[in-house]
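Data block below; observations after.
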Amino acid sequence: MAKQKNYWLLKTEPECYSIDDLAAEPNKTTFWDGVRNYQARNYLRDQMKKGDEVFFYHSNADPPAIVGVATVVKEGYPDFTAFDPNEKHYDAKSKQSEPTWMMVDIKFKRKFKRPLGLTELRELKELKDMELLRQGSRLSVQPVRPKEFETILKLALA
DNA sequence: GCCAACGTTGGC
DNA sequence: GCCAACGTTGGC
């Protein structure tokens, strides 16, 4: 049986790392560091697989929006930024021998012609169960259903 | 800048 | 193991 592809959404503040940073050159990759939430960590560690596609989401932006797509190119491995006291997301409790936090590598795939803002996404009834649109949703790594991924891609290309 | 919704921490 | 206090996220 063919490997099933999963879909995800990664949040970032564009001030910190934006789609344009990732789109700076073709096939650019980056490590997705700084996730310090256990549920999000579990997704990164256990479920995100090479070849999975991820939506790139700008939070704390105007407008907050899905802005593009990336591909997972390296599966979960220790987030080494947690070991460095000079890093913003340093965590003294995460040990090299027993890392608490994980990250993946992603590769730029495409930037949408226009950002798909939250307001616009909320208008689609196909997306009414989407994690991103749930009230109080704060997860920075979230699963996206194939149907939702398809709906959003279609909207982006329309 | 406000604040609701969460997650985490720590006293008990 | 409960839960109040506190810190953070992130839309508005």
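Throughout, protein chains are lettered first and strands after them, A, B, ... in sequence-line order, and every chain is numbered starting at 1. Values reported hereafter were calculated over all heavy atoms of this structure, with side chains retained and with hydrogens, waters and symmetry mates removed. On a predicted model such as this, the values are computed, not experimentally measured, just so you know.
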Regarding [X], tell me which of base, sugar-phosphate or nothing describes its non-hydrogen contacts under 4.0 Å with the strands shown.
| X | result |
| --- | --- |
| A:Arg36 | nothing |
| A:Gln135 | sugar-phosphate |
| A:Lys93 | sugar-phosphate |

Judged by atom type as modelled, is there a donor-acceptor pair below 3.5 Å linking the side chain of A:Asn6 to the main-chain atoms of A:Asp52?
no
Between the side chains of [Y] and [X], is the shortest nitrogen-to-carboxylate-oxygen separation below 4.0 Å, so that they form an ion pair?
| X | Y | value |
| --- | --- | --- |
| A:Asp21 | A:Lys28 | no |
| A:Glu126 | A:Lys147 | no |
| A:Asp79 | A:Arg41 | no |

For the pair A:Phe149 and A:Phe55, name the ring-plane relationship: parallel under 30°, tilted 30 to 60°, perpendicular over 60°.
parallel
Pick the nucleotide of DNA chain B nearest each of A:Tyr38 and A:Asn60; which residue has the one closer to the 5' end?
A:Asn60
Quick one: how far along DNA chain B does chain A reach, first to last nucleotide 5' to 3', anything under 4.0 Å to a heavy atom?
B:dA5 to B:dT9
Flag side-chain contact, heavy atom, 4.5 Å: A:Ser140 against A:Val35:
yes
